[in-house]
Amino acid sequence: MTFSVEVNGVEHTTEPRPGQCLRTYLRERGCFGVKKGCDSGDCGACTVHVDGVPVHSCLYPAVRAGGHAVTTVEGLATAGELHPVQQRFLDAQGFQCGFCTAGFVMTTAALDEAQLADLPQALKGNLCRCTGYRAISDAVRGVTTVETACPGRAVGASVAAPAGPQVVTGTARYTLDVDVPGVLHMKLLRSPHAHARVVAIDTADALALPGVQAVFTHEDAPRRRFSSGRHENPADDPADTRVLDDVVRHVGQRVAAVVADTEAAAEEGCRRVRVTYEVRPAVTDPEEALRPGAPLVQATGNVVGEVHGEVGDVEAGFAAAAAVYERTFHTPRVQHASLETHGAVGWLEADDSLVVRTSTRSRSSPAARCATCSTCPPSRCGWWRAASGAGSAASRRCSSRTWSRSPCCNCAGRCAWSSPAPSSSSVPPRGTRSPCA
Amino acid sequence: MDLHTVEQWVDARTVDAWRPGDAWLAGGTALFSAPGVHLRRLRDLGGTGWEPLVEDPDGRLEIAATCTVARLAAHPVALFGQCCRAFLASFTIWNMATVGGNLCAALPAGPMIALTTALDGGCLLLAPDGAARTLPVTAFVVGDGRTALREGELLRSVTVGPLPARTAFRQASLSTLGRSAALLIGTRDADGAMTLTITAATPRPHRLRFAVPPTAGELREAVEDEVEHWFDDLHGHPAWRRHLTFRFAEQIREELS
Ligand SMILES: Cc1cc2nc3c(=O)[nH]c(=O)nc-3n(C[C@H](O)[C@H](O)[C@H](O)COP(=O)(O)OP(=O)(O)OC[C@H]3O[C@@H](n4cnc5c(N)ncnc54)[C@H](O)[C@@H]3O)c2cc1C
Ligand code: FES
Ligand code: FES
């Protein structure tokens with residue numbers, strides 16, 4: 001029996017891989033409006049309709065779509081007319097970064113009257129990092145909040161975001177919404193230890209795997225360190241890490257990078273890399289790290305910086321106060337969950353300049369840092385800032401986006417620079433995709 | 001997510017010997033939500049065509065393992081809808097997730113486990129050689145993520161008893177509409193007998209049966225005797241789950257007495 005699925009009215013006969021989910025099948029067919037926020041059914045950014053029924057395409061086995069009609073956000077508008085739900089999301093500007101919007105639009109388009117009466121229940125399968133849901137519930141209920149910037153009354157008008165039409169139709173292009181022919185995939189092997197020295201890494205089994213093109217370890221990485229939390233002024237943050245280090249300082253730190261023709265081969269390659277660790281005492285609490293004798297995270301000590309500040313004369317204020325309430329306050333470290341996953345794509349242009357496409361709010365500092373940790377000169381390092389799926393502070397820099405995780409853009413950049421790359425302009429650029437999430 | 005280690009996909013109806021790395025695929029909402037690197041082959045139950053709900057003349061309802069949660073949610077019995085809404089999962093997941101998949105995933109917060117336990121469900125299991133056996137749900141789900149399924153065995157259906165005259169339902173989670181930290185169901189039969197089902201607060205489902213409604217003290221004692229472990233994970237502290245259980249148990253007793 002031959003496979004056939006109708007996607008937005010077009011028949012596709014490419015057989016899915018046995019364990020493939022519908023989300024990647026659709027994206028491989030060019031439906032980049034189908035997003036990945038979690039890949040595990042929680043966020044709803046991948047919602048599509050199968051025969052009109054809304055499902056999470058990241059959980060939907062692609063093989064099962066055979067014989068059915070799939071509608072993605074790209075197929076919702078008919079004859080050039082926006083679907084009413086798309087129009088309402090525009091009228092209420094029911095988005096900010098827009099990464100969740102395709103999913104919300106698809107779910108909303110399938111709601112019946114009873115479900116519309118209970119939005120928290122009806123929309124609990126769709127998560128939004130940015131809006132606080134207010135703008136989304138306005139959109140679902142058909143409230144219009146956008147205003148026209150009329151001459152004389154333009155200042156203060158609530159005008160629509162310029163990218164709105166692309167956002168509601170799924171045509172806005174985020175980091176990985178690009179087809180790079182011949183792209184290689186990178187997966188990272190991560191440390192299971194909070195603190196350890198990498199004594200030996202055996203990559204032979206991984207390299208022997210069909211499809212694996214390269215395995216990078218600390219032995220391939222420049223010895224130069226860079227700051228994983230770099231601000232504009234490089235002196236603000238200490239250079240604390242190497243792209244791949246021979247000392248790991250937290251669970252999940254990258255230890256090796258496997259580059260392969262497919263994600264499957266890259267993942268299997270990671271499982272075949274054998275690492276011998278010499279586990280060291282670890283400290284994972286900042287207060288304990290300050291105590292004498294605490295295990296040293298860096299040879300230079302556990303204090304990387306101090307910030308002191310006061311506004312006015314605090315001592316004088318206390319002295320003059322009728323009552324003084326003095327406490328030590330602790331806040332948890334909170335990371336907002338941007339819906340777009342961390343990742344980057346890198347490739348070499350025909351003139352050998354390195355292009356890295358990533359989700360960041362800044363171009364210059366990641367480019368400078370990438371140049372630091374690959375051997376690519378900065379003048380040949382281009383940084384492509386795609387639409388950002390929940391920007392904010394955490395995507396200001398290429399790796400703070402990933403905090404203690406991998407600076408995936410650095411890896412992608414370094415890999416594209418070091419992989420066997422065709423240099424002839426007649427050959428398509430060879431790229432590397434490094435999804436770190 | 002893509003299950004990269006899966007090499008083959010077979011229709012479950014094809015008679016093919018069970019191999020290591022095989023897994024039954026129902027809705028896929030649990031299977032496709034985690035990497036599952038042990039998986040090599042999926043045996044797809046999607047084409048079985050089993051009738052989702054079959055009612056017999058005695059009022060017993062046979063729920064096919066492949067009956068979707070969405071199908072059950074559309075059933076007029078209030079308790080069915082209450083249990084479906086107790087999923088953390090949204091209706092978009094209900095369209096794919098199955099009742100059998102929920103029992104086999106055996107999560108403490110499995111609301112289909114709660115429902116079928118409360119209604120005295122019996123699981124029909126088929127071995128690869130065709131041999132059948134039945135187990136009550138309380139003997140089928142034996143722990144967090146653990147069932148009595150043997151290698152290659154298939155859950156065919158779960159049959160629930162005639163609907164009790166009255167039911168009472170209580171559920172709580174750390175966040176609104178979140179994953180259950182405690183889910184309790186009480187039933188009262190026409191002959192006066194009462195049952196209390198405790199799930200989510202405990203690693204496996206428990207069902208207590210009383211010929212007549214117990215006193216508050218008797219109920220407390222029975223729960224204390226029955227529950228050996230309070231479940232501990234990030235969805236709720238065991239002491240809180242215990243507290244909720246006693247509180248809800250008493251509310252249910254009062255409601256059904
Ligand atoms: C966002 C989200 C929220 C969720 N919330 C909850 C929740 O609140 N509570 C909860 O319990 N679960 C929850 N789940 C997990 C899951 O969706 C449900 O447990 C669901 O009912 C599983 O059914 P399924 O048909 O999709 O199972 P599948 O994923 O197809 O299978 C689950 C497991 O059971 C086995 N299996 C399936 N059917 C059979 C059978 N007939 N015989 C033998 N083995 C079988 C499979 O091999 C697999 O190991 C959630 C999932 C997501 C993505
Ligand atoms: S629900 Fe599918 S990507 Fe999040
Ligand atoms: S607009 Fe919803 S995640 Fe950014």
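Lettering follows sequence order; numbering is per chain, from 1. What's counted below: heavy atoms across the whole structure, side chains too, no hydrogens, waters or symmetry copies.
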Among Thr24(A), Asp42(A), Asp39(A), the residue with the most heavy-atom pairs under 4.5 Å to chain B is Asp39(A)
Taking every heavy-atom pair that is under 4.5 Å apart, which of His56(A), Gln20(A), Arg271(A), Glu268(A) has the most such pairs with chain B?
-> His56(A)
Please look at Arg23(A) and chain B and tell me whether the side chain, the backbone, both or neither of the residue comes under 4.5 angstrom of a heavy atom of that chain.
-> neither
Could you tell me which residues in residues 34-42 of chain B have at least one non-hydrogen atom under 4.5 Å from a non-hydrogen atom of chain A, sorted by residue number?
-> Val37(B), Leu42(B)
Nearest heavy-atom contact between Trp94(B) and Gln121(A) is CZ2-OE1, 4.4 Å
Where is the tightest heavy-atom contact between Val53(A) and Asn95(B), given as atom of each residue plus distance?
-> CG1-ND2, 3.3 Å
Is it the backbone or the side chain of Tyr60(A) that comes under 4.5 Å from a heavy atom of chain B, or both, or neither?
-> both
Heavy-atom closest pair, residues Phe32(B) and Cys21(A) = CD2-CB, 4.0 Å
Pick one of side chain, backbone, both or neither for Glu267(A), based on which atoms fall under 4.5 Å of a heavy atom in chain B.
-> side chain
What are the residues of residues 105-115 of chain A, in order of number, with any heavy atom under 4.5 angstrom from a heavy atom of chain B?
-> Thr107(A), Leu111(A), Gln115(A)
Tell me, yes or no, whether the heavy-atom count around Arg166(B) atom CZ, taken from other residues, nucleotides or ligands under 6.0 Å, exceeds 12.
-> yes
Quick one: what part of Leu25(B) sits under 4.5 Å from any heavy atom of chain A, side chain, backbone, both or neither?
-> both
Closest non-hydrogen atom pair between Pro54(A) and Phe91(B), with its separation = CG-CE1, 3.8 Å
Nearest heavy-atom pair of Trp9(B) and Pro61(A): which atoms, and what distance?
-> CH2-CB, 3.3 Å
Any residues in residues 104-117 of chain B near chain A, with a heavy-atom distance under 4.5 Å, and which are they?
-> none
Give, for atom CE of Met1(B) and atom CD of Glu263(A), the distance between the pair rounded to the nearest 0.5 Å.
-> 11.0 Å
Side chain from CB out, backbone as N, CA, C, O: work out which of these in Thr5(B) comes under 4.5 Å of a heavy atom of chain A, or both, or neither.
-> side chain
Hey, could you give me each pair passing side chain to side chain donor-acceptor pair (under 3.5 Å) that has a residue in residues 71-91 of chain B? Not counting sequence neighbours.
-> Ser90(B)-Thr92(B)
Rounded to the nearest 0.5 Å, what separation is found between the NZ atom of Lys187(A) and the NE2 atom of His4(B)?
-> 5.5 Å
When heavy-atom pairs shorter than 4.5 Å are enumerated against chain A, which of Val6(B), Asp2(B), Leu177(B) gives the highest number?
-> Asp2(B)
